[in-house]
Each structure stands twice: as structure tokens, then as C-alpha cells.
Amino acid sequence: MSMRRITTTRRAMTAVSVTAALALALAGCGDDGGEEPGNEGSSAPSAPASPSAEDKGEPQQEDTAAGAAVDPNVKLAEARGQGGLVLVFNEAKRDSGGFLTVQGEITNEGDKVRTASAWAGSETSIVQKNPNSVAGATLVDKVGKKRYYVLRDTDSRCLCTTAISSLAPGKSAPIFMQFPAPPQGTTEVDFTLPTFATTSLKISG
């Protein structure tokens, strides 16, 4: 074999070896957990955010327009008020923190617009801090001979519905209020709210 043919053969073998090595290197890169075509720039899903107090169902102090959800079809009791107002109670339940929460709805069945101005009671400091509220509500434990007022914070803000809009004929407004819970032996209390008749409520929980 001539020297020229030997040199040509060696060059061809070298080229084949280099091509094979490159092919193996590219195959190794493709199997090294790289991103698939078309996924450039995508990132792994972020961890779910920690649940907020609202997601956990914890009490929300900032919104006192209504308490926890109750079944509006449950009618615990009813109280008639002046000017065709009707207060239907949906719940009077003990809470784990030692509170008693009363919830219901006031409906204007009369023919004139009614306001909530009298429902805050007659205490000047309470009325000023809680305009158009139900802060004037009270509970009476006749067996224990005690009267309970709506709970308030250090700034005299009530734990109850506030800023109730005027009620036009046929309109309703949900309400709630929290009281200190009577002793466990007390299963019934008398509820009063200015301009409404006194009504007995059975306590649950």
C-alpha cells in the first residue's frame, strides 16, 4: 500500500472517531435532566402560600357587619319592633372563648324608611363610638339574676354590627353581637334591643 493511501485512510478514521465522540457528548447532554424543548424560561411551581387567618376560619375583627355564617332558614325566635320592624333570630350560640354570639336579621315590613339610630342605646360614649349599631342590646339571665351587655374593646367599640344603613320598606339587614357567656347551667336568656319587644332565646352549644 502506498504512503498516500495510508495517509488518506488514517484521516478518514480520525474523522469518524471525532464524529462519534461528538454524537455521544450531545446524547449525554440530552439525558442530563435538561429542559424539554418549548419549556425555556419556565420555573418550578412555587410552594403554596401559608393560609391566612380568614382561610383558617379564625374570627375577623375588622369586619363587624356580620358574624359567622348561619342558616337563614333557621328561626330561633322573633321580636317585633316599632314601625313594622321585625327581628328574626337565627342563632344564640356559645363560643369556645367564653362568649355568646347572637345572630339574626332585621326586616322593615312597614311603609316608611327606618333608621338604626336608637339601637345603639343611651350611653353617650357607646353611641359616639358605635353609630347606627346594635350596641344597646342586652341579655338577662333570670335564673342567675344577671344582665349582660354587648362586649366592647378598650376604645368602647362594640363586638357587634355597626354602620347599619337605613332600611327602606321591604329591606333587611343582618346583625350580630357578642356577649359574655352565662354559666353553662343557663340555657335560656331574655334578649332586649331598644324599640323591640323582649324575646326569650334558647342557647345552643
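Here, residue 1 is the first one in the sequence, and each next residue gets the next number.
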**Closest heavy-atom pair and its distance - Gly110, Pro169** = O-CB, 3.3 Å
**Prompt:** Between Thr138 and Thr192, do the side chains contain an N or O donor and an N or O acceptor separated by less than 3.5 Å?
**Reply:** yes
**Asked** With respect to Leu100, which candidate in Leu139, Leu151, Leu201, Thr186 satisfies the side-chain contact (heavy atoms from CB on, under 4.5 Å) definition?
**Response** Leu139
**Fill in**
The reported gap from CG in Leu167 to OG1 in Thr107 (rounded to nearest 0.5 angstrom) is 8.0 Å
**Request:** Please report the C-alpha distance between Val150 and Gln178 in whole Å, then the side-chain angles of each, then the deciding distance to 0.1 Å, and finally whether the side-chain contact (heavy atoms from CB on, under 4.5 Å) criterion is met.
**Result:** CA-CA 6 Å; Val150 175; Gln178 286 188 319; 5.9 Å; no
**Request:** Take Glu105 and Leu87 through the test side-chain contact (heavy atoms from CB on, under 4.5 Å) and record every step on the way to the result.
**Result:** CA-CA 6 Å; Glu105 186 175 67; Leu87 170 54; 5.9 Å; no
**Asked** With Glu109, which of Arg80, Arg114, Lys171 fulfils salt bridge (Lys or Arg N to Asp or Glu O under 4.0 Å)?
**Response** Arg80
**Prompt:** How far does SG of Cys158 sit from CG of Asp153, to the nearest 0.5 angstrom?
**Reply:** 9.0 Å
**Asked** Between Leu85 and Val134, is there a shared hydrophobic cluster once you connect ILVMFWY residues whose side-chain heavy atoms come closer than 4.5 Å?
**Response** yes
**Connected via hydrophobic side-chain network under 4.5 Å: Val189 and Val140** = no
**Asked** Transitively linked via ILVMFWY side-chain contacts under 4.5 Å: Leu159 with Ile126?
**Response** no
**Complete:** Arg94 and Gly205 have their tightest heavy-atom pair at CD-O, 3.4 Å
**Asked** What's the shortest heavy-atom distance between Asn90 and Val74, and which atoms?
**Response** ND2-O, 2.7 Å
**Prompt:** Hey, is the main chain of Val143 close enough, under 3.5 Å, to the side chain of Asp141 for a donor-acceptor pair?
**Reply:** yes
**Request:** I would like to know whether Ile164 and Ile175 meet side-chain contact (heavy atoms from CB on, under 4.5 Å); could you show each step before the answer?
**Result:** CA-CA 9 Å; Ile164 302 172; Ile175 62 167; 4.1 Å; yes
**Prompt:** Have Trp119 and Thr195 got a donor and an acceptor in their side chains that come within less than 3.5 Å?
**Reply:** yes
**Request:** Indicate, with yes or no, if the rings of Phe191 and Phe89 have centres closer together than 6.0 Å.
**Result:** yes
**Prompt:** Which is it for Glu123 and Lys129 under the salt bridge (charged side-chain N to carboxylate O under 4.0 Å, His left out) test, yes or no, and what are the steps along the way?
**Reply:** CA-CA 10 Å; Glu123 294 182 58; Lys129 292 284 186 176; over 6 Å; no
**Asked** Of the non-hydrogen atoms in Ala197 and Ala79, which two are nearest, and what is the gap between them?
**Response** O-CB, 3.7 Å
**Prompt:** Do you see a donor-acceptor pair shorter than 3.5 Å between the side chains of Asp95 and Thr101?
**Reply:** yes
**Message:** Is it true that Thr162 and Ser133 share a donor-acceptor pair across their side chains at a distance under 3.5 Å?
**Reply:** no
**Request:** Evaluate salt bridge (charged side-chain N to carboxylate O under 4.0 Å, His left out) for Asp190 paired with Lys142, printing each intermediate quantity in order.
**Result:** CA-CA 8 Å; Asp190 284 348; Lys142 291 185 292 185; 3.5 Å; yes
**Item:** Side chain to side chain, Glu188 and Ile203, heavy atoms closer than 4.5 Å
**Value:** no
**Request:** Determine the minimum heavy-atom distance between Lys75 and Val88, stating which atoms define it.
**Result:** CG-CG1, 3.7 Å
**Asked** Under the 3.5 angstrom rule, does the side chain of Thr161 hit a backbone N or O of Phe176 as a donor-acceptor pair?
**Response** yes
**Prompt:** Taking all non-hydrogen atoms of both residues, which atom of Ala77 and which atom of Thr199 are closest, and how far apart?
**Reply:** CB-CG2, 3.7 Å
**Message:** Could you measure the distance from the OG atom of Ser165 to the CG atom of Asn132? Nearest 0.5 Å is fine.
**Reply:** 8.0 Å
**Message:** Could you check whether atom OH of Tyr148 has more than 12 heavy atoms from other residues, nucleotides or ligands sitting under 6.0 Å from it?
**Reply:** yes
**Request:** Determine, for Glu91 against Lys202, whether the closest basic-nitrogen to carboxylate-oxygen distance falls under 4.0 angstrom.
**Result:** no
**Shared hydrophobic cluster, Leu193 / Phe179 (ILVMFWY, side-chain heavy atoms < 4.5 Å)** = yes
